[in-house]
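Accompanying notes for the structure given below.
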Amino acid sequence: MPDIEDAVLEIIAAKAKQERAALSRQTELATLSLDSLDVVEIIFQIEEKFDISIPYNANDPATSGASFKVAGDVVDLVQQHVGTQAAQ
Amino acid sequence: MNRVAVTGLGCISALGHDSRQLAEGVRSGRCAIGPLTVTASERLAVKIAAEVAAFDPLAHFDEKRLLLLDRFSQFALVAAREAIAMSGLDLKGEDGLRTAAIIGSGVGGMTTLDESFQRLYLENAKRFQPFIIPKLMISAAVSHVTMEHGIRGPAFTVASACASANHAIGVAFQMVRAGMTDIAVTGGAESVFTLGTLKAWEAMRILAPDTCRPFSRDRKGLVLGEGAGILVLENWERARARGIPILGEILGFGMSADAGDVVMPSVDGAVAAMRAAIADSGQSPEAFEYINAHGTGTGANDVTETRAIHQVFGAHARKLAVSSTKSLHGHALGAAGAIEAIATLQAMQGGYLPPTANFTEADPECDLDYVPNMPRQQPFRLALSNSFAFGGLNAALVLGANSLR
């Protein structure tokens, strides 16, 4: 689902004040100098965009089921939720 | 400078409707966190809270009066009645002229706001009830306390989010100490269990889905609470002359601002507030035995607060008992500091250290003695009580047993 990947990377790039083209699935999130507020904002924008709920807890990011290491982890998480929540 | 005695305590919280039930709950380590019931939880991801359960407003107020009382004002009035009755003061006479009322709240009448806007936006109501404004204003609680008891001295509300009650008690303490007033009725009140407020809290992604586990490695965030805590502060000599029991002493107050992030706490800000409070009390850091921590149970607060305690107390930090009673009564926001100061004073009187409930696993970054799960029979006479708010506003109180000096 390339459209999901593109949209997620677009949202992350905008928060990180980077060109969309500078980001790929392999981009390490730690290199984007995103603070905890940015991450919560990114999750919110993704939820709004795809009409899904991601169980993200800032105290314990692992509860969402993703490692949040590289941008591709967020893409995978969204694809998984779009798939299961659309099926419901 | 006058010494400042505590001569009355009143509390309504998740642990019960009076201060005796607060003490019993803390003393037995009973966690009052449970399913959210005061508002519908279907649309919420987090379905737990530390509610004031089985609260019947009509048991305390008549119907006409309730038109003017938001839930947070009801809590303030219930706690103030208990505290003032305990003090034995009649403020309707001359004493009321020399009495201040300073009560903290984080947001004021959210229940009223939420219900009114729901009627307007969803039900297309054509008009509001006449007294929505004085019902929801953040100063409503303190106004009603002055009216019910005849308090005619300085009276106002202090708002600094989760530090509101500590700031209120601190200012009241300074006024009694300076002789600006002889008596102060002070503390905090809060009630935010509306769908709108809870959705907004949920959006921050810091609420725990299971329970509140301060300082424990597997902590998942804070659990919201509600209620009110009210203390009667009184000029020490005056209280002694009246011959009533002195329940403890306020010895110092310190404040600071992080001037940093709006939600991420700072070690420097917490250190500055604690140091200021200790210096104000004239006590040496090594004399402290217990800290009632801000201890919200979030990843960020508990590590930051632990580091700050190490910085302030040095090697003595290892000898301190540090606990978070939020694990028992939840995070009551603008009422938190008052409920926690009361729990601390009661523990001093009872000779036990309040526990940190729901503690399962040590966190390498939180390496102090948190009095895990069970209270400890151990007398103490000098304590610090911390509140660190969103927006970086910090306030710490120094509390002493009546036998300290």
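In what follows, chains are A, B, ... by sequence order, proteins preceding strands, each numbered from 1.
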Do [X] and [Y] meet the criterion of a side-chain donor-acceptor pair at a distance under 3.5 Å?
{"X": "B/Ser105", "Y": "B/Glu190", "answer": "yes"}
{"X": "B/Ser160", "Y": "B/His167", "answer": "yes"}
{"X": "B/His310", "Y": "B/Asp367", "answer": "yes"}
{"X": "B/Thr306", "Y": "B/Tyr370", "answer": "yes"}
{"X": "B/Asp218", "Y": "B/Ser216", "answer": "yes"}
{"X": "B/Asn386", "Y": "B/Asn292", "answer": "no"}

Centroid-centroid under 6.0 Å between A/Phe68 and A/Tyr56 rings: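 Ring centres of A/Tyr56 and A/Phe68 closer than 6.0 Å.
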B/Met264 versus chain A, the contacting section by heavy-atom distance below 4.5 Å: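 Interface part for B/Met264: side chain.
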Contacting moiety of A/Glu47, where chain B heavy atoms sit under 4.5 Å: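 Side chain only.
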Atom group of A/Asn59 that falls short of 4.5 Å from chain B, counting heavy atoms: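 Interface part for A/Asn59: both.
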Those residues of residues 326-334 of chain B, ordered by number, that approach chain A below 4.5 Å (heavy atom to heavy atom):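 Within residues 326-334 of chain B, no residue comes under 4.5 Å of chain A, counting heavy atoms only.
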